[in-house]
Protein chains: 2
Amino acid sequence: MPAKKTRARRPATRSRVPLAGARVPGGLRDGERVLITSHDVAALAGVSRSAVSRTFTPAASVSDATRRKVQRAAAQLGYQPNVIARSLITRQSRLIGLIMGEWENPFYAAMLRQFSEKLQARDYRVMLLAGSSEKDVDDSVRLLRQYQVDGIVLVSAAPSEELAAECARAGVRLVLLNRERQGLPATSIVLDNAGIGRELAALLLNVGYQRFLLVRGRAQLRAGIERQDGFRSVLNAQRRGQIIGEGTDLVGYAAGRQFIREFVEAGKQPDAVVCSSDLTALGVLDGLRIDLGQRVPDDIAVVGFGDIPAASWAANELTTVALPLDGMIDAALSDMFDDSGADRPRRVVLPGRIIERSTTRTVASIQAAPSR
Amino acid sequence: MPAKKTRARRPATRSRVPLAGARVPGGLRDGERVLITSHDVAALAGVSRSAVSRTFTPAASVSDATRRKVQRAAAQLGYQPNVIARSLITRQSRLIGLIMGEWENPFYAAMLRQFSEKLQARDYRVMLLAGSSEKDVDDSVRLLRQYQVDGIVLVSAAPSEELAAECARAGVRLVLLNRERQGLPATSIVLDNAGIGRELAALLLNVGYQRFLLVRGRAQLRAGIERQDGFRSVLNAQRRGQIIGEGTDLVGYAAGRQFIREFVEAGKQPDAVVCSSDLTALGVLDGLRIDLGQRVPDDIAVVGFGDIPAASWAANELTTVALPLDGMIDAALSDMFDDSGADRPRRVVLPGRIIERSTTRTVASIQAAPSR
DNA sequence: AAGCAACTTGCACACGTTTGCAACGCGTGT
DNA sequence: ACACGCGTTGCAAACGTGTGCAAGTTGCTT
């Protein structure tokens, strides 16, 4: 496609009547493009453009006879209604913008898939943009607004306050997934992070782990902080166990593997590592077993977050917390399409679920061979 | 957003002049939506709509004075040009459709990312659709045509011939990624699969493996077949080694793990398993080591395809073949945007690269401890 | 036969933008 | 003083569609 070329304007009196009997569709030539419009179909079917339009509008009033005529003509010409033009007049693009800032984590690939499938099912389309920094996100939001999207889902940083306010004024709904930010006119779908932190602490204490290393992802995310706070609160309440170290801004396998190694080689030895992503946890696990020669779960426990496919592989069998992917997406979508008039910037919090596999001891294993 | 509601038509004589001095943008109310148009900006700046349009058109002729006036007004109102309306008149949507049929494999997540980033850089947007069966794909293509996309990239099945022909007529370019189909007016980006098969066979024979098990993904894909043919041709030429079994339609970790187990338990014992995806290979690897207690690479080799991140993890160290992701995407894009007039349904074949890790013996290991 | 309701159909305007064309302003050269 | 040219500006016609309104048609009831 030539990117920039002065369009050859066709004469106003061009013939728009397709060759009535020809098998090859008529339509109009415009440089290399051929576009068949409702006009062409109308002419071939011997009806008005309105009839064509109504044939393709579900609830419109057309007789079966004309509808059939139109459908025949449309099929013959390969006519597809032009959604761009339709959007212009209906002021609804049926487009949802999706800004993606997390690509490494397989969990988000699954999310992406579900999103596009579920939106497709509702007869909406997704426009995908990549962007991680706040500046990127702002640019992306601006772009999406230019495309008149009906809503924006963010799996990334939040946009700036001014831009979010602008979206709110324009009636474009914002949904933050797995993120939140105070005072933004945007719905947040988040996990009960503090609750998960508490459950994790209780579980680990219960099977005898005591010296914890807490590993977080991106430093500025509230989620990780809340999880740690929940975790800590149980330690304080039970007056057992201690946090002997923390790691921040660790994202991905390599980061986890390197971090645990340096941590242990610096002379500190946890007996349980709690990570904020499965990828990091798997890095820690391999670092522990392969680089450091430690026994998991006997000497040390590892727990992840997200329950990505690799967590359940036989070589890993990682204890982790499963996220309610379906629930998150349904929540996002139902907020996006909700027109009950409920007060809008909502906050949906969903529970996670701990999946015990083989990187943590179980109560049974404890009883069989009591620790120390 | 109310999905279906008769739009309250506003009176033809509505006031379109924004409150001149007000800080809150004027614009027009339409139900819940507020939309600021070039008209509003023009009024505030005291110029015509044309001037506004030209300000936002890079190569247009506007004086610096009016451009500044317009920009000030636009900023004040938060105006964004309506790309929908622009597309209608320029007959260019700057939209590329991307139909995705492969979601499990992390390799395709990386591809998705690169695509959206590189298209964004060229000032194009990507519309993402999910679809795997040919019917899904046809539906998706139709949808994309309704949105007037400038091109379609398929990482999925190919569309039907009629539909592809229709796209060709409409000037919408089709690019198949990692797929191909004879006689379709679509460019294919493929790997040199036969070449990879040959290299793999040579490598494995060279370090002493003899009894091969070949595992393929989706049965109908040419790629897997070509790879096997290449592999076989080397065996024939060298009169060494034999293929003792094949598996088809195995996709994903679980399938690989189960398959190898059943295969061996049925009494057959390969000494090298060649898989057509890393995921399957990792399943086979775990099945071999954990379920079957075999030693890799001493007793048996495993090789994958794709070089996904998990392949390089310390616990796996999978020998695999790396795909030229960048090259594939650049090829797809440059074909899509090429206007040199080269004959179009092209066929680009790219080389893969074998990455030897620890699931195959090396020549050095052979010499240290000669096999049998 | 006339009246009426229900349904169908076409006209024409609107959506927000781009852009060819003509008009205009202004400086310069003769 | 006038002609000329150049850069800027506004007018108005598109782009392809949806839809309120009024006119037309049909079938039924009285």
Side-chain angles (χ1 to χ4, degrees), chain A residues 4-14 16 27-28 30 33 35-43 45-67 69-70 79-94 145-148, chain B residues 4-14 16 27-28 30 33 35-43 45-67 69-70 79-94 145-148:
Chain A
K4 201 74 198 171
K5 193 202 290 186
T6 56
R7 180 164 67 97
R9 199 163 199 98
R10 57 183 108 76
T13 60
R14 68 169 186 257
R16 274 183 130 308
L28 55 94
D30 182 347
R33 289 293 247 293
L35 187 48
I36 290 153
T37 72
S38 63
H39 193 110
D40 302 317
V41 179
V47 297
S48 75
R49 268 181 34 242
S50 310
V52 178
S53 169
R54 290 194 246 259
T55 298
F56 287 91
T57 308
S61 143
V62 219
S63 69
D64 282 354
T66 51
R67 159 167 286 133
K69 276 194 292 183
V70 169
Y79 168 73
Q80 301 280 359
N82 184 332
V83 183
I84 298 274
R86 177 185 296 172
S87 298
L88 189 57
I89 186 95
T90 60
R91 309 167 73 88
Q92 265 222 99
S93 63
R94 302 199 79 83
R145 292 213 39 219
Q146 295 189 352
Y147 275 90
Q148 312 298 114
Chain B
K4 202 73 197 171
K5 194 200 290 186
T6 55
R7 179 163 67 97
R9 200 163 198 96
R10 56 183 108 77
T13 60
R14 70 174 183 254
R16 272 183 133 308
L28 57 94
D30 183 345
R33 288 293 246 293
L35 187 48
I36 290 154
T37 73
S38 62
H39 193 108
D40 303 316
V41 179
V47 296
S48 73
R49 269 174 35 237
S50 313
V52 178
S53 169
R54 289 193 247 260
T55 299
F56 288 91
T57 307
S61 147
V62 219
S63 68
D64 283 354
T66 52
R67 160 168 287 133
K69 275 194 292 186
V70 169
Y79 168 72
Q80 302 279 359
N82 185 332
V83 184
I84 298 274
R86 176 185 296 172
S87 298
L88 188 58
I89 186 104
T90 60
R91 309 169 72 87
Q92 266 222 98
S93 63
R94 302 200 79 85
R145 291 214 41 224
Q146 295 189 351
Y147 275 90
Q148 311 297 112

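Side chains are part of it too, since the values below use all heavy atoms of this structure and drop only hydrogens, waters and symmetry mates. Quantities reported herein were computed from a predicted structural model and do not represent experimental measurements. Residue numbering restarts at 1 for every chain, and letters A, B, ... go by the order of the sequence lines.
The interatomic distance linking A/I84 (CD1) with D/dT17 (C1') rounds to 12 Å, in whole Å. D/dG16 atom P lies 9 Å from atom CD1 of B/I89, rounded to whole Å. The separation between B/L35 atom CG and C/dC15 atom P is 10 Å, rounded to whole Å. Rounded to whole Å, atom C1' of C/dG16 lies 15 Å from atom OH of A/Y147. Here C/dC15 presents its P atom at 19 Å from CZ of B/R86, a figure rounded to the nearest Å. Rounded to whole Å, atom P of C/dT17 lies 19 Å from atom CD of B/Q148. Rounded to an integer number of Å, the gap from A/R91 CZ to D/dT19 P is 13 Å. Between A/R67 atom CZ and C/dT9 atom P there is a gap of 10 Å when expressed in whole angstrom units.
Residue whose closest nucleotide on DNA chain C sits further toward the 5' end, between A/A65 and A/R49: A/A65. Each of B/S61 and B/A85 was assigned the nucleotide of DNA chain D with the nearest heavy atom; the assignment lying further toward the 5' end belongs to B/S61.
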Apply the test side chain to side chain contact (heavy atoms under 4.5 Å, CB included) to residues B/N82 and A/Q146: give CA-CA distance (whole Å), side-chain angles for both, the deciding distance (0.1 Å), then the verdict.
CA-CA 5 Å; B/N82 185 332; A/Q146 295 189 352; over 6 Å; no

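For C/dT19, its base never sits under 3.5 Å from the side chain of B/T57 at any donor and acceptor pair. Taking 3.5 Å as the limit, the base of C/dG10 and the side chain of A/R54 contain a donor-acceptor pair of atoms between them.
A/V52 comes within contact range of no nucleotide atom at all, as no heavy-atom separation falls under 4.0 Å. A/F56 comes within 4.0 angstrom of no nucleic acid atom, judged by non-hydrogen atoms across all strands.
Looking at heavy atoms from C-beta onward, A/Q148 lies out of side-chain contact with A/S87 at the 4.5 angstrom threshold. With a 4.5 Å cut-off on side-chain heavy atoms, A/V47 and A/K69 count as touching.
Of the side-chain N and O atoms in A/S50, none sit less than 4.0 angstrom from OP1 or OP2 of C/dT9. For the pair B/S63 and D/dT9, the criterion of a side-chain N or O lying under 4.0 Å from OP1 or OP2 is met. Side-chain nitrogen and oxygen atoms of B/S38 include at least one within less than 4.0 Å of the OP1 or OP2 phosphate oxygen of C/dT17.
For A/T66, the listed nucleotide lying nearest its side chain is C/dT9; candidates were C/dC15, C/dT9, D/dT8. Among the nucleotides D/dG16, C/dT17, C/dT8, the one closest to the side chain of B/T37 is C/dT17.
A donor-acceptor pair shorter than 3.5 Å cannot be found between the side chains of A/S50 and A/S53.
For B/R67, there are no salt bridge (Lys or Arg N to Asp or Glu O under 4.0 Å) partners at least two apart in sequence or on another chain.
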